[in-house]
Structures are given as C-alpha cells and as structure tokens.
There are 2 protein chains.
Amino acid sequence: MKRDSRLSGVLHVLLHMVEQGKPMTSEQLAKAMQTHPVVIRRILGGLRDAGFVHSEKGHGGGWTIARDLATITMHDVYKAIGRPSLMAMGNRTEAPGCLVEQAVNAALDTSFKEAEALLLARFGEVTLATLAADFHARMAARSLSPTTQEHIHG
Amino acid sequence: MKRDSRLSGVLHVLLHMVEQGKPMTSEQLAKAMQTHPVVIRRILGGLRDAGFVHSEKGHGGGWTIARDLATITMHDVYKAIGRPSLMAMGNRTEAPGCLVEQAVNAALDTSFKEAEALLLARFGEVTLATLAADFHARMAARSLSPTTQEHIHG
DNA sequence: AAATCACGCACTATTTAAAGTTACATGAAA
DNA sequence: TTTCATGTAACTTTAAATAGTGCGTGATTT
C-alpha cells in the first residue's frame, strides 16, 4: 500500500488553520497542502467528531479550531483519525496453528507492542501548542515576522 | 501498501529449517509456509549473502543454517533482508519548504526514531536459539515430542 | 553423457490500503 | 433563490509488498 501520511497531513492542516485565525475552507487548506478538498474533509471529519475542530457550511463557512491548542496532543489527533496502524511490519499469519509461527509471532509482538507504547507516549507529550511554538521559532530563525504569510506554500 | 511480513516469514522459515536438521528445498519450505518457492528463494537470498544460511544446487541440495543459532539475532536477520522500514507512517513530504511542515516532521521524526531504536534494540536481544527454545517449550506444553513432525503445517 | 533436481534471476501479475477524483445531496448566508 | 461550503458515497489511481512464470546454471545420479 501507499505510505500512510494522514497524521502528518492532519497536523499540518491544523497548524495552518491556527495560523490563519479565521475559518478556512477545504479548498484553501487543500491548496496549501497540494491535495484535494475531499481528502481534507475526510481527514478533518474525525477531528470534528472528536470535538477538536468545528465546521460551518455556507458563505463564510469553513474549518476552525474548537479548543485551546495546549489541550490537544498528537496522541489525541492520532486517536481521532482512527488509530491507524503504526508498525509497517506484521505477522505473516494471525491465529497460526503452527507452533513455530506462534513462537515467532510472540517474540515480534512483544517488541512491536513496546515500540508502539513508547511512540504513543511520545505523541502524548507533544501538543499543538508545542508544534505552533516550534513553527514560530523557525519563523524567527528565518528572520520573518510571524504575521506574514510567507509560510503558506507556493 | 501491503503489510510487510518478510521478517516474520524469514524467521518462520529459518526455524523450520532448524527443526528439519537436513537440507530443505525451496519447495518444501514453500509448502510449510503456504507460499511460492520463488518467494522463499528471494527472502533467503539476503541471508545467504550475509552468511547465515547456505544453499546447494542439484540432488540432495537445498537450504541449511550456516551458523550457531545463538549467534544470530532477529536484528541480524532484519539487516540481512535489507532493513525494510519499520514505521507504517511517514511524512507527507520530505524536504518540505513549508515551515509548518518542518515543525510537524521534526516532532514526528523524533518520536519515530526513538521507537525504531527501541524496536531494534529488542530485536538484538532475541536470537534464533531463543526462538527455537520457545518453540520447544510450546511443543512440550502440547505434550508432543519435539521429534515428531506435527509442527509442520497442513 | 544424459536426465533430473534445485537454485538464480529477470520479468510480470496480483493484492492491499492510502490518496485522489467525481458526483451529488444538504444546509447556511447573501 | 442563487451561491457557497460541507457531507458522503462511489469510483479510480497509485505505491509497495507478495505471488507467479519462464528460463538459465550448476550439481548429482544413473
């Protein structure tokens, strides 16, 4: 399959929304992300259900952040998009009748579970506020005011 | 993409080779793994280059383990099959000009790298001997002698 | 020497899940 | 009532892994 970039994508979209300060349409976000508006709606749909963003139809509508950035962690976002699998590897067969495979699966699963736990713990330590702060630091390092629009793609 | 099961597969094949004690052909191994002989040759090719297994052509040929099981870790096997990517997720764009994306990528990469390091460290702690011992323990728990062929699939 | 066995490799097909796209319904604002 | 924007379902495309085909090469057996 393709490499899953939904988490990366949704975080990116959220930060662009934050920087904008006012509602952004799927089309605007899609342009910034160089993708399709429907992809944006799909990916933000989960966040809306989780209460992290709000969407409004019609004129002047679009997407806005619905909560304080400091209260949303990368782990929250990960859960909101449906907890996609983290590990690229899996077992050849689940529920194997073969004892050899059971032994192999057990060893691999133990390692994978530990790595996943660590990953999710790290995700839980980073909030959208953290990411926004990092972005602003990068802006400053580039000697541009955070109010300019130079961070928008294209 | 499909879920990568090469590591799981090759470990499985190796343990079956160990249990057999004499050379096994790609066809025999493929039958046990319910896959195609060419897949077996492909996956074992990397291990041969790394010196972990030996292959012989012609009558009585096939695959054998070339080293003491205790000297081969899951990490070694992982390296031998070409260090396939461990994380199912990636960044939407590598080398992003967008500072927002840079901030997001940096945060994700840090977490991914830590998780990968942990995973590889765990892989390095498990040898083929460990796995074989676990298999024999499972055999005993099932009250079968390890010399029977009941662990072979089908 | 000939037949057979088994790996080696290049090439093609299939599969799986994400990403992209199209089409249309719904609902809000001008 | 027209226009804008989301909501959703269905379909197409794409990336990466596995599966499969065909033929060449070398070793063993007879």
Side-chain angles (χ1 to χ4, degrees), chain A residues 1-10 12-13 17 20 22-49 53-64 66 78 81-94, chain B residues 1-10 12-13 17 20 22-49 53-64 66 78 81-94:
Chain A
M1 91 186 95
K2 267 184 185 171
R3 192 72 172 273
D4 187 341
S5 66
R6 279 177 290 179
L7 182 58
S8 168
V10 73
H12 191 167
V13 163
M17 276 173 54
Q20 193 66 12
K22 56 187 175 186
M24 288 187 80
T25 67
S26 311
E27 193 157 6
Q28 290 173 315
L29 291 168
K31 193 163 227 171
M33 304 276 298
Q34 309 188 73
T35 182
H36 207 274
V38 174
V39 175
I40 301 291
R41 289 184 207 136
R42 253 203 300 257
I43 203 168
L44 286 183
L47 294 223
R48 182 189 53 232
D49 297 344
V53 299
H54 176 71
S55 63
E56 198 73 46
K57 288 182 178 179
H59 279 278
W63 299 86
T64 44
Y78 168 74
I81 63 178
R83 301 172 180 271
S85 69
L86 296 167
M87 298 293 141
M89 299 200 197
N91 294 323
R92 235 177 38 85
T93 312
E94 300 301 334
Chain B
M1 93 189 78
K2 264 184 188 173
R3 194 70 169 273
D4 187 341
S5 66
R6 279 176 291 180
L7 182 58
S8 169
V10 74
H12 191 167
V13 163
M17 276 172 54
Q20 195 65 14
K22 55 188 175 185
M24 287 187 80
T25 68
S26 311
E27 193 157 6
Q28 291 173 315
L29 291 168
K31 194 162 227 172
M33 304 277 296
Q34 308 189 72
T35 183
H36 206 274
V38 174
V39 175
I40 301 291
R41 291 187 202 135
R42 253 202 299 262
I43 204 170
L44 287 183
L47 294 223
R48 181 189 53 230
D49 297 343
V53 298
H54 176 70
S55 64
E56 200 72 46
K57 288 183 179 179
H59 279 278
W63 300 87
T64 44
Y78 168 75
I81 63 177
R83 300 173 181 271
S85 68
L86 296 167
M87 298 293 140
M89 298 199 195
N91 295 323
R92 232 176 40 82
T93 313
E94 300 301 336

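In this text the structure is predicted, and so the values were computed from the model without any measurement. Hydrogens, waters and symmetry mates are skipped; everything else that's a heavy atom, side chains included, is used. Below, read A as the first sequence line, B as the second, and so on, with proteins coming before strands; counting in each chain starts at 1.
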Separation of [X] atom [atom1] from [N] atom [atom2], in whole Å?
| X | N | atom1 | atom2 | result |
| --- | --- | --- | --- | --- |
| B:Met89 | D:dA16 | CE | P | 17 Å |
| A:Arg48 | C:dG27 | CZ | P | 14 Å |
| B:Leu47 | C:dG8 | CG | P | 12 Å |
| A:Met24 | D:dT6 | CE | C1' | 15 Å |
| B:Leu86 | D:dA17 | CG | P | 12 Å |
| A:His36 | D:dA10 | NE2 | C1' | 14 Å |
| B:Ile43 | D:dA17 | CD1 | C1' | 11 Å |
| A:Arg42 | C:dA17 | CZ | C1' | 12 Å |

task = Name the closest nucleotide to the B:Thr25 side chain, picking from C:dA6, C:dG8, C:dG20.
result = C:dA6
Could you list the residues that satisfy side-chain contact (heavy atoms from CB on, under 4.5 Å) with [X], not counting sequence neighbours?
| X | value |
| --- | --- |
| B:Thr25 | B:Glu27, B:Gln28 |
| B:Pro84 | A:Met89, B:Asp4, B:Arg6, B:Tyr78, B:Ile81 |
| B:His36 | B:Val38, B:Val39 |

message = I'd like to compare against my own output: the B/S/- annotation of nucleotides 23-30 of chain D with a strict under-4.0 Å heavy-atom distance to protein.
response = --BBBBS-
key: Residue list, salt bridge (charged side-chain N to carboxylate O under 4.0 Å, His left out) with A:Arg41, at least two apart or on another chain   = none
ask   = When rounded to the nearest 0.5 angstrom, what distance separates CZ in A:Arg3 from CG in B:Asn91?
value = 8.5 Å
Give a yes/no answer on whether the side chain of [X] brings an N or O atom under 4.0 Å of OP1 or OP2 in [N].
| X | N | answer |
| --- | --- | --- |
| B:Ser55 | C:dC7 | no |
| A:Ser5 | C:dA19 | yes |
| A:Ser26 | D:dA5 | no |
| A:Arg6 | C:dA18 | yes |

task = Identify whether any heavy atom of A:Gly62 sits under 4.0 Å from a base atom; if not, whether one sits that close to sugar-phosphate; answer base, sugar-phosphate or nothing.
result = sugar-phosphate
key: Test side chain to side chain donor-acceptor pair (under 3.5 Å) applied to B:His54 - qualifying residues, sequence neighbours left out   = B:Glu56
note = The residue, B:Val38 or B:Pro84, whose nearest nucleotide of DNA chain D is more 5′ is B:Pro84
ask   = Does the A:Arg92 side chain pair with the main chain of B:His12, one donor and one acceptor, at a distance under 3.5 Å?
value = no
